[in-house]
Each structure stands twice: as structure tokens, then as C-alpha cells.
Amino acid sequence: MNYDHKFIEKKWQERESFEVEEDSTKPKFYCLDMFPYPSGVGLHVGHPRGYIASDIVSRYKRMQGFNVLHPMGWDTFGLPAENYAIKTGVHPKITVAENVAKFKAQLKQLGLSYNWSREINTTDPNYYKWTQWIFLRMFEQGLAYEQVLPINWCPSCKTGLANEEVVAGKCERCGANVTKKNIRQWVLKITKYADRLLEDLDLLDWPEKIKEMQRNWIGKSYGADVLFKLNNGKEVKVFTTRPDTLFGVTLLILSPEHPLVESVLSELDNKQDVINYLEETKNKSDIERMEEKTGVPLSGLFAINPVNGKQIPVWIANYILSSYGYGAIMSVPAHDQRDYEFAKKYDLEIIEVVSGGELPYTGEGNLVNSGSFNGIKSSEAKDKIIKEFDSVTKSINYKLRDWVFSRQRYWGEPIPLIHCEKCGIVPEENIPLELPEVENYQPTGTGESPLAAIKEWVNVKCPKCGGDAKRETNTMPQWAGSCWYYLRFIDPDNDNALVDPQKEKYFQPVDLYIGGSEHAVLHLLYARFWHKFLYDIGVVSTKEPFLKLKNQGLIMAYDGQKMSKSKGNTVSPDEMIEKYGADSLRLYEMFLGPFEESVAWNDNGLIGTRRFLEKVWSINLVEGNIEDRLLHQTIKKVTKDIEEFKFNTAISSMMILINEWVKTGTSRENFDLFLKLLYPFAPHISQELMKDSDLSWPQFSEFLVEDDVTTIAIQVNGKFRDSVQLAKGLNQQEVENIVLEREKVKKWVSGSIKKVVFIPDKLINILV
RNA sequence: GCCCGGGUGGUGGAAUGGUAUACACGAAGGACUUAAAAUCCUUUGCCUUAUCGGCUUGUGGGUUCGAAUCCCACCUCGGGCACCA
């Protein structure tokens, strides 16, 4: 009988279902994939790599007796469906439903063992009711606030963006150059959690790389605030990490957006120059602004250095960020690369205060030109200077910015707030506040979303005073729904609570989370923030949502490029499944290379795993239950490899076993043990061939794993010359006697033996 | 510029101080076949006609009885951050 993968895979996919018991007497294992945004083009072979790995672990854990929660859902708010609606007029709801159906069918074909009864969808009002609920709780606690400030603005998507969504000055979604726009927006106070988000990284079993990226993103710096008095009586505060260089300050520089600039304009000798400069910088995108350092003095204004009373000029410059620190700096050209460039360009004073090297020197050294601090090490001078001067105080700064949370687009969760002239901002507690139908999806570009055009939705009565009021028309960003979805899988149909506390205690945290590393500072940081907030208000019982994280490497196209529809280099899993079967595809994706590294796809590789399964299919069964050392060594190896995410070597060790059995045949009992090893990787064929109905993970025999003979490598002067099979446990003298009698060894050993290095059961090295 | 991670046959890769190139693909030769496909067998790092042997894990140095593996310098590829004071 031939191996008919189509028949077998259909049969077992119809037969198997994987619902998880809510039995708290059994140990649980929560194994989660980052849920996808279902795009219109469907999956390519790169997508399922992570899903296959999580499926292997889920099946393996079930076999070990765990109650495995392994759900799947859909992250369906966002721009692609909305842009498609703008182009075609088809409602995003319809597009999303089609795409979800397509993705689901593709995942099912792969034989992935999801708990489908727990499926969720972020655009379902029963789901986003709770996204809105969390927002309202944040609003109550003052963590969601309204502000009008220049923020990152994508002129192509016509919406504001969070810092995390700007990549190298470009919009993360569409690649357009990001500009600044002054609009009203809702902001979440993620900075309140900066320290906890930083410190709790230590609790996590995550790739060091991702943790480091989050640390850098949070960007905690220790230093000092310094208060400079101006000659007009006003004050400017700056942040510095180098209070030890205070005697070298030759300039005070403000960002063009600094509030002081506006207020001193009339006092300046060069008012028109400054106005021209402000106008010029305002019209530039971030990228243009970063091209060259420029600045202009505020003539007539000077500041007094608090450590030595020295008068220094005040400038504005384009390289000073308004969003970091206080939007102003003390400039020390001798010990800062940027300040040095700037001072050279405008021929400004440079004073060396730390000795140690060519300027600009940014390292440690002894202080010079620093009055009574001369000769002190710069590392010690920091604290001494802070202690000495009242206007210099210890301070900490973060790169992390609060999260700009409103989008001027249609396809997102409505922000459940009402603006009342009398009562101010009033929460809409009648949730879900559903997204209304709209005729025109086109973003307005005015700072309002298309929802603003729907008068009957916008105009409401104030829930507090009953007077005329208007709804907030901004929507939530892409990332809102994915901030807490892992909690909803625990209790997807609960209408009274986000999640039942008992169930939450049982299933949380996620034990294993698998997904791409592109979410390192987006989803993974936002979700940790929301989780910590939910912990604070008693909704969840753990400090962190995801205990262990694994990032799958990308699967590159045959040409070494990233797979994408536009490059036309994608490979469809459907085609591969049709031709070789889901089991072969699953094996191949895991066999390709180390899970966390990116690898190039090659259709031909599938032939190898298909041949392997055909060999498995036609193994000769022989009488008697032979004690099979290789089988038990394979059980040990596969078990260890799954635990360590080394799926490629697990499969290669199974191949070695099967290559042996092709020659020798094996017993029914031994074959069933092997099929259980294969089951997590290739579930359909394994079940088809298995006779044993007990699907538990096989144990290896310690006795059978150990060989009683060993191969000893023989080196002469460190060079490998020969090897010999010997019984285990021989001592050096015994091995030496045997080895020195061998012809090959005699040939190389001439003259007296100086030294012998002996590693029991492994190696002998004779030095002559 | 700074911070991570890599560089091993024709290809994907294995080996994290002890026989480098497991496993797989591809290629070459052979068997079966009227023929082809499939399957099976053999060979397959490089140099040397072959043997004997020598060389080989990006490059150069070092530590060690012994280095792909540890240390130093450099080259190179990939990812992240990027005026964060």
C-alpha cells in the first residue's frame, strides 16, 4: 500500500480535536503563538515556521500529561483592510471575514492542534468591549490623558504615530517620511512604568537580544539636572549625564520648540534671524533636520554657569530634541562629539576639563581647568559637584516617551469618551461602543477621523448632565487589541469580566510565547505595560505576561531575499501540502536549520523529508521485542532536543534510526515507541501507523542508552592517527599497552615517549 | 558611530575544548526497466594520476598535549538603535 498523504491527513484532521480541560488538579501549559493579522494574500511557507514549532511543543506537552492551552485568534483592526476599503468601497468587516476564513483553512491543513473553540477576533464588539474597558480604567487612574503637542505624523497614512512606529524617521507601515504635527491626541502614560518594565526583564526567559532592545528603548540614564539663571531673570533647566564637565560648559542650547524661545523673542537683538530660523526648521521633516547641525544665537541673552559664575551665550539648534530631558542642553564641546562639531562649525569656545586624550574626549580622566576640583577623577567628580552646588541635583532620564494612542483613522476601536462643554471629558460606560457604519473611509488629514462626519453618532447627550455633547472621534491604534488578547483566550465568552479570576490564576502566565522579533519594542513592550496595569488593578495575578519567549528566524526565498508578494518570490504552503503532504512540510520547516536563525527555502529539501516518511511507511516489522540501543538513544536525544528547541537535530537523529531499521526491520513495540517520537512532528502518518492507543511520551532506558564499548581516538603529538574500539572503563596503562602494539601507531611513535595525555573512554595522546 | 548575532563542502547545516564535515539536498557512476520516472547500491571537502601523505572551519596572531569551539587584532555579512545630552 502506498503512502497516500492526502487520504491520511484528511482523515486525522477530521478525527482529532484539541479542547483543553479546565481541571486545576492537572498541571497546565500555556503555549501561545503571536496571533496573525490575516492579510488578503494568505500564508507563505515562512509564516508557519513558528506555528509548527509551537504545535510540536503543545503535542509533546500533552503527551507528558499537561493540560495544554494552545489557542489561535485574529488581530484584525488596522490599515490594510481600511486602505482596501478606501480603494474599493468594500467594508473592512467583509474583507476581514474572508481573510480569516482563508488563514484558518490554511492553518487547519497543516494539522495544527489549536483549541478552536477559543478563537477570538479583535474586531468583534464582544472582544473590543474589554479593550475599551481597560482604556476606561486607565482613564480613571489618570494614565490616559489628552494633550496638544507636536507629535509624529505620517502624511501618507494621515494619522499620528507613536515613537515606536517611527523607524529611522519613516512610518513603520508605509515608509513615508514622518513629519511633526501639532494635534490633539490621547496619550498613555507608559513612562510611569519605565522602571518596572526595565527591572522585571530580569524575571524573563527571553532572548537576550530582545531584552537588550527593550532596555535600550527605555534608555535609562543617570546624571544631574542643572539650573542656569539667565540675565533676563528667567531660568533654564538642563539634564546632563556628565556633571563632572560643568566647568567646560561654553554654551547653553535650546531646542527650537523650547517654550522660552517664544517668550524672549522681543528682547533679542537678532529677532528676525531667529524667526527665520524657526520657520525654516519647522518646515523640515525629521530626516531633513538630521542632515546637518545648524543653529542661531539668541543675541543679547546669556546664561550664568552655576559652578563658576561665568557668562555663556544662549543658542537654539536643530540637533536639540524637544522631547528628551528638558529640551535644552549645556554644551561641552571638549567632551561631546556633537557639541564639538557644532562649536567648530560656528567657531565657539572649547575648554578642556577632563584630561586623557585628543578632543573631543569622552572617556574618563582627571579634571583640569575646574577650580578646586582639579586632579579629581571624573567618575568621582560627578557626585562631588552634585553635592557642592545647590543648582546641580541628581536626576534620572528615560528615552521612553508616553504612548501616543489616538489614530485619525476609521478601522480601530472607538475611544469611549464624550466631550461635554459643562462636565469636561466623561467616560462612556455603555460598552461596547460599536464602530458605526461610515460612507467614506478616507482619512480627513485634519486631526479628526472619518467618524467625525457621522453627526448622529458624534452628537450625544452627556451621561452626566444630560446636555449636548460630542463623542471622541479618534480611534485606538493597531496595537491596542494585541495588548491583552492572551488573557481572553483563557475565558473567551465571559460577558461579565475580562477574564474569570480563578481561570486566570490557573492558566497565567503564558509558559511559551513564539513569534517574530520584529515586535521587540512594539507589541511586546505595550503588552507588558498593559499587563502591569492590570496587575495593579487586580485583574491579573502575575507581574509579567510571557515567561519564555522564542523568536523564529525568517525563511528567506530561494534568491536569498525576504519573501514577499511584491517580489514575486513567495512559496505557498498549499502547493507543498498538495504535492508532498503536511507532515513532510512540517518536518522540512523544522529540519531546515536552527529555529532562531534565518534560512533560505529550497523546494528540493522537501523531497528529503518526504523520502524519510516513505521509509517510515514501509519499515519491515519482525517478531520479538529486541532491546534496541539506538532506539533508546534516539528517545533520549529527541526529548532533549525538543526541550532545547533543536528540532533540526531531533529529526536528523530520527532519520539515523530509520536508516538503520530499513536494513534490520524492527518489532511492533519498538516501532510504536518511535511513532510516538515522530507524532509531534508528523502527527498524521504517526497515528495512521500506530497500533498502541496510549499516546504518552516514551521513556528511555538508562541501561540501554549506555554503550559498553567505546571508540578511543589515538593522537600522536596532537594529530589524529588511528582509532580503536575498546571496552569502557579501561585505565591509562591498559589502553596504552593496547595502543602501542598497533601497526599504525608504531609507525608514528619513534624514540622515547615524553608524555601521555589520557581522557578515559575517549582519547589518548602520545607525545614523543 | 554605538549595541547584538553570524562567517564550516557545490547547497541547507552538524559538532561549544578531544576522530571537523553527522543528517539532508544536489552531482557522478552502477543495478532494475523496451525506455523514462520511482526505488536500490557505490562515490562525493581540497591537493596529489593513484598510493603514501599533506592541507582545510573568513584572515593573522596567541593560550593548550589538543582549538570550528577560549583570548587578542583585523576583514566581512545580517539585525537593532541612531543627534537621547
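Below, chains carry the letters A, B, ... as their sequence lines are ordered, and counting in each starts from 1.
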Subject >> Pairwise side-chain contact, A:Phe647 with A:Asp641, heavy-atom cut-off 4.5 Å (strictly under) >> reply: no

Subject >> Whole angstrom value for the distance that separates P of B:rC83 from CG of A:Leu251 >> reply: 20 Å

Original post:
Hey, what do you get for CH2 (A:Trp315) to OH (A:Tyr346), rounding to the nearest 0.5 Å?
Top reply: 6.0 Å

Original post:
Taking C-beta and beyond as the side chain, do A:Val238 and A:Phe228 meet within less than 4.5 Å on heavy atoms?
Top reply: yes

Original post:
What's the NZ-P distance between A:Lys663 and B:rC40, to the nearest Å?
Top reply: 13 Å

Subject >> Quiz item: A:Asn604 side-chain donor-acceptor pair to B:rC25 base, under 3.5 Å >> reply: no

**OP:** For B:rG12 and B:rG6, measure between their C1' atoms and round to the nearest Å.
**Re:** 16 Å

**OP:** Mind calculating the distance between CD (A:Glu589) and P (B:rG12) to the nearest angstrom?
**Re:** 18 Å

Original post:
From the list B:rA85, B:rG18, B:rU19, which nucleotide is the closest neighbour of the side chain of A:Thr241?
Top reply: B:rA85

**OP:** Scan A:Asp722 against the nucleic acid and name what it touches under 4.0 Å (heavy atoms): base, sugar-phosphate only, or nothing.
**Re:** nothing

Original post:
Of A:Asp339 and A:Asn216, whose closest RNA chain B nucleotide lies nearer the 5' terminus?
Top reply: A:Asn216

**OP:** Give one of base, sugar-phosphate or nothing for A:Met655, where a contact means two heavy atoms less than 4.0 Å apart.
**Re:** sugar-phosphate

**OP:** Would you mind classifying the nucleic acid contact of A:Leu767 as base, sugar-phosphate or nothing, using non-hydrogen atoms under 4.0 angstrom?
**Re:** sugar-phosphate

Original post:
Pick the nucleotide of RNA chain B nearest each of A:Ser598 and A:Gly605; which residue has the one closer to the 5' end?
Top reply: A:Ser598

Original post:
Contact class for A:Lys719 vs. all strands (heavy atom < 4.0 Å): base, sugar-phosphate, or nothing?
Top reply: sugar-phosphate

Subject >> Out of B:rA20, B:rA85, B:rC65, whichever nucleotide has its closest atom nearest the side chain of A:Asp336 >> reply: B:rA85

**OP:** Would you indicate what A:Asn659 reaches in the nucleic acid, counting non-hydrogen atoms under 4.0 angstrom: base, sugar-phosphate, or nothing?
**Re:** sugar-phosphate

**OP:** Could you check which nucleotide pairs with B:rU44 in any of the strands shown, counting Watson-Crick or G-U wobble with both distances under 3.5 Å?
**Re:** B:rG26

Original post:
If pairing requires Watson-Crick or G-U wobble contacts with both distances under 3.5 Å, which nucleotide is the partner of B:rA20?
Top reply: none

Original post:
Taking CD from A:Glu212 and C1' from B:rC81, how many angstroms apart are they, rounded to a whole number?
Top reply: 11 Å

Subject >> Nucleotide B:rC23, atom P - distance to CZ of A:Phe591 in whole Å >> reply: 10 Å

Subject >> Interatomic distance, A:Asp722 atom CG to A:Gln715 atom CD [nearest 0.5 angstrom] >> reply: 11.5 Å

Original post:
A:Ile759 near the nucleic acid: base, sugar-phosphate alone, or nothing, with a heavy-atom cut-off under 4.0 Å?
Top reply: base

Subject >> Pairing partner of B:rU33 (Watson-Crick or G-U wobble, both distances under 3.5 Å) >> reply: none

Original post:
Separation of A:Lys209 atom NZ from B:rG6 atom P, in whole Å?
Top reply: 11 Å

**OP:** Identify which nucleotide among B:rA85, B:rG18, B:rC23 has an atom closest to any side-chain atom of A:Ile656, counting heavy atoms from C-beta outward.
**Re:** B:rC23

Original post:
Closest to the A:Met213 side chain: B:rG80, B:rC3, B:rA15?
Top reply: B:rG80

**OP:** Answer yes or no: does a side-chain N or O of A:Arg721 lie under 4.0 Å from OP1 or OP2 of B:rG53?
**Re:** no

Original post:
Looking across every strand, which nucleic acid part, if any, lies under 4.0 Å from A:Thr711 by heavy atom: base, sugar-phosphate, or nothing?
Top reply: base

**OP:** Establish, with yes or no, whether the OP1 or OP2 oxygen of B:rC25 is under 4.0 angstrom from a side-chain nitrogen or oxygen of A:Arg611.
**Re:** yes

Subject >> Anti versus syn assignment for B:rG78, with syn defined as within 90° of 0 >> reply: anti

**OP:** For A:Lys399, answer base if it contacts any base atom (sugar-phosphate contacts may also be present), sugar-phosphate if it contacts only those atoms, and nothing otherwise; contact means non-hydrogen atoms under 4.0 Å.
**Re:** base

Subject >> Interatomic distance at P, B:rU43 relative to B:rC23, whole Å >> reply: 12 Å

**OP:** Tell me which nucleotide among B:rA24, B:rU19, B:rA85 gets nearest to the side chain of A:Ser221.
**Re:** B:rA85

Subject >> Inter-nucleotide P distance (B:rU76, B:rA24), Å rounded >> reply: 37 Å

Subject >> Sugar-phosphate, base or nothing in reach of A:Arg289, heavy atoms under 4.0 Å >> reply: base

Original post:
Within the structure, does a side-chain N or O atom of A:Asn648 lie under 4.0 Å from either OP1 or OP2 of B:rA14?
Top reply: yes

Original post:
With a 3.5 Å cut-off and just heavy-atom distances, do the side chain of A:Lys293 and the base of B:rC83 make a donor-acceptor pair?
Top reply: yes

**OP:** Would you confirm whether the ring centroid of A:Trp601 sits within less than 6.0 angstrom of the ring centroid of A:Tyr588?
**Re:** yes

Subject >> Nearest-Å distance once atom C1' is located in both B:rA14 and B:rU21 >> reply: 8 Å

Original post:
For the pair made of CG in A:Leu592 and C1' in B:rU11, what is the distance, rounded to whole Å?
Top reply: 12 Å

Subject >> Closest nucleotide among B:rC65, B:rG18, B:rU19 to the A:Lys755 side chain >> reply: B:rC65

Original post:
CD1 of A:Ile764 versus P of B:rG18: gap in Å, rounded?
Top reply: 18 Å

Original post:
From A:Phe674 CZ over to A:Thr666 OG1, what is the distance, rounded to the nearest 0.5 angstrom?
Top reply: 10.0 Å

**OP:** With P as the reference atom in both, quote the distance from B:rC55 to B:rU48 in angstrom, rounded to an integer.
**Re:** 16 Å

**OP:** May I ask you to say what A:Ile320 touches in the nucleic acid, namely base, sugar-phosphate or nothing, with a heavy-atom cut-off under 4.0 Å?
**Re:** base

**OP:** For nucleotides B:rU56 and B:rG7, find the distance between their C1' atoms and express it as a whole number of Å.
**Re:** 15 Å

Original post:
Does the ring of A:Phe595 carry A:Lys550 above it, NZ/CZ under 6.0 angstrom from centre and within 45° of its axis?
Top reply: no

Original post:
The side chain of A:Ser723 lies closest to which of these nucleotides: B:rG13, B:rU19, B:rA85?
Top reply: B:rU19

Original post:
What integer number of Å spans the P atoms of B:rU69 and B:rG60?
Top reply: 13 Å

Subject >> P-based separation of B:rU11 from B:rU57 [nearest Å] >> reply: 16 Å

**OP:** Kindly point out which of B:rA85, B:rA24, B:rC65 is positioned nearest to the side chain of A:Asn765?
**Re:** B:rC65

Subject >> Any strand: nucleotide that pairs with B:rC2 via Watson-Crick or wobble, under 3.5 Å >> reply: B:rG80

Original post:
Counting distance only, does the side-chain N/O of A:Glu165 pair as donor-acceptor with the main-chain N or O of A:Ala162 below 3.5 Å?
Top reply: yes

Subject >> Distance-only donor-acceptor check, side chains A:Tyr326 and A:Asp225, under 3.5 Å >> reply: yes

